[in-house]
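Note sheet for the following structure.
Note that the structure is predicted; figures quoted are calculated from it, not measured.
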Amino acid sequence: TDGRGDESAGDDDEDPELRQLHDQHTRLMDCILEEEEDMVEFHRIHVDKKMDLVRKELEVMEALDRGKSGVDAYVNQMDAILAQQLQLINEARDRLAQFQSHLLEEEVLNCTVINKTMRRNNGGGGGLA
């Protein structure tokens with residue numbers, strides 16, 4: 001570098017691997033921020049769908065209690081409702097696992113950048129006192 005401007009930016013320019021790690025981290029953080037918004041919206045919709053299914057469950061139970069439906073209908077309807085609930089839960093867990101893996105990836109990448117920066121600074125005579 002020419003000695004002007006931000007020292008850390010100049011350090012990254014001198015180390016292409018570190019620059020690449022910083023760029024990768026930036027892209028990952030952008031992805032995580034977008035994914036976080038999507039996850040929260042997905043969760044709101046997920047809760048609404050679960051609440052609809054709980055209302056259906058209550059209706060099925062009430063119909064059985066009042067004698068408006070037989071045990072066979074109750075069992076069939078409950079099985080269908082529980083299958084829908086299981087599908088919703090599995091979908092939510094899949095989305096959450098993907099989001100969690102990106103958070104873990106970011107944590108590892110961040111530690112890698114920090115460690116590489118510290119090693120470079122310590123090895124280059126610019127270590128901490």
Query - D38 to R95 - nearest heavy-atom pair and separation - result: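 Of all heavy-atom pairs spanning D38 and R95, the closest is O-NH2, 3.7 Å.
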For A92 and M39, the nearest pair of non-hydrogen atoms, with its separation, is O-CE, 4.3 Å
Between atom [atom1] of [X] and atom [atom2] of [Y], what is the distance when rounded to the nearest 0.5 Å?
| X | Y | atom1 | atom2 | result |
| --- | --- | --- | --- | --- |
| L82 | Q77 | CG | CD | 12.0 Å |
| L18 | D23 | CG | CG | 9.5 Å |
| L96 | E91 | CG | CD | 12.0 Å |
| E62 | S69 | CD | OG | 11.0 Å |
| L28 | L33 | CG | CG | 9.5 Å |
| T26 | L109 | OG1 | CG | 9.0 Å |

Discussion item. Keeping N110 on the side-chain end and E106 on the backbone end, is there a donor-acceptor pair under 3.5 Å?
Written reply: no
Between [X] and [Y], is there a shared hydrophobic cluster once you connect ILVMFWY residues whose side-chain heavy atoms come closer than 4.5 Å?
| X | Y | result |
| --- | --- | --- |
| M61 | V75 | yes |
| V71 | I81 | yes |
| L88 | F99 | no |
| L103 | F42 | yes |

Side chain to side chain contact (heavy atoms under 4.5 Å, CB included) with Q85: of K49, E57, K50, K56, only one passes, and it is E57
* Are side-chain heavy atoms of Q100 and L104 found at a separation under 4.5 Å? -> no
(Q) For R55, I'd like to know if atom CZ has over 12 heavy atoms of other residues, nucleotides or ligands within 6.0 Å. (A) yes
